[in-house]
Amino acid sequence: MRIAVIDGQGGGIGRVIVEKLRREMGDSCEIVGLGTNSIATSLMLKAGANEGATGENAVVKTVAQVDVVTGSLAVLAANSYLGELTPAMAEAIASCRASKLLIPLNRYKIEIPGALDEPLPIQVDHLVARIRQLYDQEFKLRNSQ
């Protein structure tokens, strides 16, 4: 399973996601840290991402080649992350074939009524559990064939 973690600005959300994914999944998955800036990419690499890349072209090209895209819900909103996430990035992420498992942080004037406003570490725990569930389903499917 190949997972793209997308983050921008300070990279803290991406770092937490990569750390928890690596701790839960070990080396059973490939994690690609995609930053809207080099600081975010660097933090995800330090947290355990296998690869990292920065900028619009990296995001557009890579999301077409992964099984799961994760990060904040803001990755679907053009011009979020104080303008770091370009319209082309948002379109590529929204249109890619990958499963999109996004944390519903209420930022950038995007709210999801009914979503629990839990602390980031708890939301990331839910995210990682869902990715683990998808991985286990895929593994069973491959082994049954």
Side-chain angles (χ1 to χ4, degrees), residues 1-113 115-139 141-142:
M1 176 177 278
R2 197 160 189 234
I3 303 167
V5 180
I6 302 173
D7 199 10
Q9 293 187 288
I13 294 170
R15 178 188 56 81
V16 171
I17 293 171
V18 170
E19 285 174 350
K20 290 194 177 193
L21 277 171
R22 186 58 68 210
R23 198 167 34 246
E24 172 68 26
M25 305 288 289
D27 292 330
S28 65
C29 66
E30 181 182 351
I31 302 171
V32 182
L34 298 174
T36 60
N37 64 61
S38 59
I39 293 170
T41 304
S42 177
L43 278 179
M44 290 186 279
L45 284 167
K46 287 178 184 174
N50 298 84
E51 297 178 279
T54 302
E56 180 178 89
N57 195 57
V59 170
V60 169
K61 183 174 177 356
T62 305
V63 296
Q65 303 169 351
V66 298
D67 302 301
V68 173
V69 172
T70 189
S72 164
L73 179 67
V75 302
L76 295 178
N79 302 308
S80 61
Y81 296 107
L82 298 175
E84 291 180 12
L85 197 117
T86 68
M89 290 174 174
E91 181 180 357
I93 295 163
S95 300
C96 74
R97 67 166 183 82
S99 297
K100 293 149 208 71
L101 303 176
L102 306 172
I103 295 174
L105 295 177
N106 292 330
R107 293 186 183 167
Y108 310 108
K109 297 195 177 211
I110 300 171
E111 284 189 45
I112 304 170
L116 298 176
D117 191 20
E118 296 178 305
L120 179 64
I122 293 172
Q123 290 190 32
V124 174
D125 287 343
H126 294 306
L127 171 77
V128 170
R130 179 63 181 134
I131 290 173
R132 181 62 185 206
Q133 185 180 42
L134 288 175
Y135 174 81
D136 290 344
Q137 289 170 352
E138 183 178 309
F139 181 76
L141 180 65
R142 286 184 184 176

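As the structure is a computational prediction, the values presented were derived from the model and not from experiment. This chain uses plain numbering: 1 for the first residue, then up along the sequence.
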I'd like to check [X] versus [Y] (side-chain heavy atoms, cut-off strictly below 4.5 Å). Are they in contact?
X      : Y     : result
Thr62  : Glu51 : no
Leu101 : Val69 : no
Thr70  : Ile6  : no
Val18  : Leu45 : no
Met1   : Val68 : yes
Ile3   : Val66 : no

Distance-minimising heavy-atom pair for Ser80 and Ala77:
OG-O, 2.9 Å
Closest heavy-atom pair and its distance - Ser72, Leu102:
O-CD2, 4.0 Å
Which residues satisfy the side-chain hydrogen bond (donor to acceptor under 3.5 Å, both in side chains) test with [X], sequence neighbours excluded?
X      : answer
Gln65  : none
Thr54  : Thr41
Asn57  : none
Glu138 : Arg142

Please table the atom pairs, donor to acceptor, closer than 3.5 Å between any side-chain atom in residues 29-38 and protein atoms at least two apart or in another chain.
residue	atom	partner	partner atom	Å
Glu30	OE1	Arg2	NE	3.4
Glu30	OE2	Arg2	NE	3.2
Thr36	OG1	Glu84	OE1	2.5
Asn37	OD1	Ile39	N	2.9
Asn37	OD1	Ala40	N	2.8
Asn37	ND2	Gln9	O	2.9
Asn37	ND2	Glu84	OE1	2.8
Asn37	ND2	Glu84	OE2	3.3

List in chain and number order the residues that pass side-chain contact (heavy atoms from CB on, under 4.5 Å) with Ala78, two or more places apart in sequence or in another chain; answer none if no residue qualifies.
Pro87, Ala90
Counterpart residues, side-chain contact (heavy atoms from CB on, under 4.5 Å), relative to Glu19 (two or more places apart)
Arg15, Ala47
Rounded to the nearest 0.5 Å, how far does CG of Leu85 lie from CG of Leu76?
8.5 Å
From CD1 (Ile13) to CG (Asp7), nearest 0.5 Å
5.0 Å
Has Asp136 got more than 12 heavy atoms of other residues, nucleotides or ligands less than 6.0 Å from its CG?
yes
Please list all pairs meeting side-chain hydrogen bond (donor to acceptor under 3.5 Å, both in side chains) that have one or both residues in residues 85-95, counting only residues at least two apart or in different chains.
Glu56-Thr86
Give me each pair satisfying side-chain hydrogen bond (donor to acceptor under 3.5 Å, both in side chains) with a member in residues 119-129, each pair once, sequence neighbours excluded.
Lys20-Asp125, Glu118-His126
Which pairs with one or both residues in residues 94-105 pass salt bridge (Lys or Arg N to Asp or Glu O under 4.0 Å), sequence neighbours excluded?
Asp67-Arg97
Go through the steps for Leu73 and Ile103 under the test side chain to side chain contact (heavy atoms under 4.5 Å, CB included), then give the verdict.
CA-CA 6 Å; Leu73 179 67; Ile103 295 174; over 6 Å; no
Has the side chain of Ser28 got a donor or acceptor atom that lies under 3.5 Å from a matching backbone atom of Met25?
yes
